[in-house]
Amino acid sequence: MKTQRIKIGTCVLLLPLHHPVHVAEDCAVIDLATKGRLILSVGVGYQPHDFAAFEVPSTERATRTEEALEVIRHCWSGERFSYSGKHFHYQDTLITPRPLQQPGPPVWMASWTPPGLRRAAKTADGWIADPVQSLPVIKEYATRYRTAAQKAGRKPYICLMRDAVLAGSLTEAETESGPTMYTHRFYFQYGAYVPDEYLKDVKRPEDLTFAKTAKDRLIVGSPDDCLQQLKHWQAEVQPDYLILRFRQPGGPSHQQTLEAIRLFGEKVIPKL
């Protein structure tokens, strides 16, 4: 084992498309192998073709997720259990091994709708703020989530997730932003963007420019630029945890990504 502190996790596992016992077993093994460093991050999904591929009705995604989490936690207990829900049924079932963390690894839930925020507050140990919405939207959602978590008797825990393009300057970041912009235009096409003040003139994915996307949404530019942007997010949202995504399905290259991570570790993290 080459690492001792770095966390291992999913971001995110679309839980309604997976069998909860498989998830529980896999997570337990990984948690044991990493000496208790697993975080299970889940989401309910939103793209119709994902559900069609697994022959799961998308209308069941919320209830399947909620039941699956209940089953997973029963599995992690190391005790025999019976369960009868709408989607899953078990009688006198014992699942081994138990994860090292007890009562189990933390479960974080991603969501970008008010019902999803309430679900995360009620059923999960933390909420992942998606990388798509702007700062004003995330700030409002954070307030809603904290209120819902407190009502549910849970301690709020906010994981701020952002897409980042780290370069020598803002101009260089824009030049290298192609893969990130492709991803965000994809999100926009599928209706993931919540309307906000920055999108008044954006009607089509191709209208989504780097300037419009970068403002209070992406973390971009030089290390100093990124530091100031993150401090702004820190002051406005007050997250408990930060997740940055430096690489998209379309790039940049592995070497460029490693260099961005190195620069961020050396130039930004010590000053946050």
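Source: prediction; values computed, not measured. Below, each value reflects all heavy atoms present in this structure, side chains not excepted, and no hydrogens, waters or symmetry copies.
Within 6.0 Å of atom NE2 in His49, more than 12 heavy atoms from other residues, nucleotides or ligands are found, so the atom counts as buried in its surroundings. Atom CD of Gln255 is surrounded by 12 or fewer heavy atoms from other residues, nucleotides or ligands within 6.0 Å. The number of heavy-atom neighbours closer than 6.0 Å to CD of Glu55, taken from other residues, nucleotides and ligands shown, is 12 or below.
Cys159 contributes atom SG, which lies 10.0 Å from atom CG of Asp125 (distance to the nearest 0.5 angstrom). Rounding to the nearest 0.5 angstrom, the gap separating the CZ atom in Arg247 from the OG1 atom in Thr180 is 12.0 Å. With values rounded to the nearest 0.5 angstrom, Leu14 atom CG is found 9.5 Å from Tyr46 atom OH. Distance check: Gln150 CD to Lys155 NZ gives 11.5 Å after rounding to the nearest 0.5 Å. For the atom pair CG (Asp26) and CG (Leu13), the distance works out to 9.5 Å, reported to the nearest 0.5 Å. From Met161, atom CE reaches atom CD1 of Ile219 across 12.5 Å, with rounding to the nearest 0.5 Å.
Under a 4.0 Å N-O distance rule, the pair Lys267/Asp224 does not qualify as a salt bridge. Of the charged side-chain nitrogens involved, none lies within less than 4.0 Å of a carboxylate oxygen, so that Lys231 and Asp225 do not count as a salt-bridged pair. The pair Arg217-Asp196 meets the salt-bridge criterion, with a side-chain N (NZ, NE, NH1 or NH2) lying under 4.0 Å from an Asp/Glu carboxylate O.
Between Glu176 and Leu166 the shortest heavy-atom distance is OE1-O, 4.2 Å. Residues Met181 and Leu208 come closest through the heavy atom pair CE-O, 3.2 Å. Annotation for Gly168 and Ser222: closest pair O-CB, 3.4 Å, computed over non-hydrogen atoms. Summarising the geometry of Val268 relative to Pro223, their closest heavy-atom pair is CG2-O, 3.6 Å, with the distance given to 0.1 Å. Smallest separation of non-hydrogen atoms from Ala167 and Ala173: CB-N, 3.6 Å. Between Thr183 and Pro249, the shortest heavy-atom contact is OG1-CD, 4.0 Å.
Hydrophobic cluster membership is shared by Leu230 and Ile261, with clusters built from Ile, Leu, Val, Met, Phe, Trp and Tyr side chains linked at under 4.5 angstrom. Linking ILVMFWY residues whenever their side-chain heavy atoms come closer than 4.5 Å, directly or via other members, places Leu135 and Leu272 in the same cluster. Leu242 and Leu227 fall within a single hydrophobic cluster, where Ile, Leu, Val, Met, Phe, Trp and Tyr are joined by side-chain heavy atoms under 4.5 Å apart, directly or via other members. Residues Phe246 and Leu258 fall into different hydrophobic clusters, defined by Ile, Leu, Val, Met, Phe, Trp and Tyr side chains chained together at heavy-atom separations under 4.5 Å. The hydrophobic clustering, which links ILVMFWY residues whose side-chain heavy atoms are closer than 4.5 Å, places Val44 and Val42 apart.
With hydrogens and angles ignored, the 3.5 Å screen pairs a side-chain donor or acceptor of Ser77 with a backbone N or O of Glu79. A distance-only check finds no donor-acceptor pair linking the side chain of Gln91 to the backbone of Ser84 [under 3.5 Å]. At least one donor-acceptor pair closer than 3.5 Å links the side chain of Thr10 to the backbone N or O of Ser41. No side-chain donor-acceptor contact under 3.5 Å links Arg37 to the backbone of Asp31. Of the possible polar contacts, none joining the Gln248 side chain to the Pro179 backbone as a donor-acceptor pair under 3.5 Å is found.
For the pair Met109/Leu69, a side-chain contact is recorded, criterion being any heavy-atom separation below 4.5 Å from C-beta on. Contact check for Pro99 versus Leu38: no side-chain heavy atoms found under the 4.5 Å cut-off. Counting only heavy atoms from C-beta outward, the side chains of Val220 and Glu174 never approach each other to under 4.5 Å. Looking only at side-chain heavy atoms (C-beta outward), Thr34 and Leu100 stay at 4.5 Å or farther from each other. Looking only at side-chain heavy atoms (C-beta outward), Lys7 and Tyr241 come within less than 4.5 Å of each other. Considering only heavy atoms from C-beta on, Leu40 stays 4.5 Å or farther from Pro106 through its side chain. Side-chain atoms of Trp127 and Asp240, non-hydrogen and from C-beta on, never get closer than 4.5 Å to each other. For the pair Val12 and Trp108, the minimum side-chain heavy-atom distance is 4.5 Å or more.
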Dump the intermediate steps for side chain to side chain contact (heavy atoms under 4.5 Å, CB included) on Glu206 and Arg185, then the final yes or no.
-> CA-CA 7 Å; Glu206 49 265 39; Arg185 290 180 180 122; 5.5 Å; no

Should Arg73 and Val107 be marked as a side chain to side chain contact (heavy atoms under 4.5 Å, CB included) after you check the CA-CA gap, both sets of side-chain angles, and the distance that decides it?
-> CA-CA 10 Å; Arg73 287 181 168 128; Val107 177; 3.8 Å; yes

Let me see the working for Phe186 and Tyr190 under ring-ring contact (aromatic ring centres under 6.0 Å, His included), right down to the final yes or no.
-> CA-CA 6 Å; Phe186 175 87; Tyr190 277 92; 4.7 Å; yes

Residues Arg162, Leu218; criterion side chain to side chain contact (heavy atoms under 4.5 Å, CB included); working and verdict = CA-CA 6 Å; Arg162 295 288 96 188; Leu218 304 177; over 6 Å; no

Is there a side chain to side chain contact (heavy atoms under 4.5 Å, CB included) between Val202 and Lys212 once you walk through the steps?
-> CA-CA 9 Å; Val202 178; Lys212 291 181 183 295; 3.5 Å; yes

Test log, rule side chain to side chain donor-acceptor pair (under 3.5 Å), inputs Glu66 and Thr123 | CA-CA 7 Å; Glu66 291 169 4; Thr123 66; over 6 Å; no

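Side chains of Gln256 and Ser253: a donor-acceptor N/O pair is present below 3.5 angstrom, by distance only. For Tyr198 and Asp216, the side-chain atoms include at least one donor-acceptor pair closer than 3.5 Å. A donor-acceptor pair shorter than 3.5 Å can be found between the side chains of Gln102 and Arg98.
Taking the six-membered ring for Trp and thresholds of 30 and 60 degrees, Tyr187 and Trp112 have ring planes more than 60 degrees apart, a perpendicular arrangement.
For Tyr145 and Tyr141, the ring centers are positioned 6.0 Å apart or more. Between Tyr90 and Phe81, the distance separating the two ring centers is shorter than 6.0 angstrom.
Residue Trp76 forms a side chain to side chain contact (heavy atoms under 4.5 Å, CB included) with just one option from Pro103, Cys27, Pro97, and that option is Cys27. Among Glu70, His89, His74, the single residue meeting the side-chain hydrogen bond (donor to acceptor under 3.5 Å, both in side chains) criterion with Tyr83 is Glu70.
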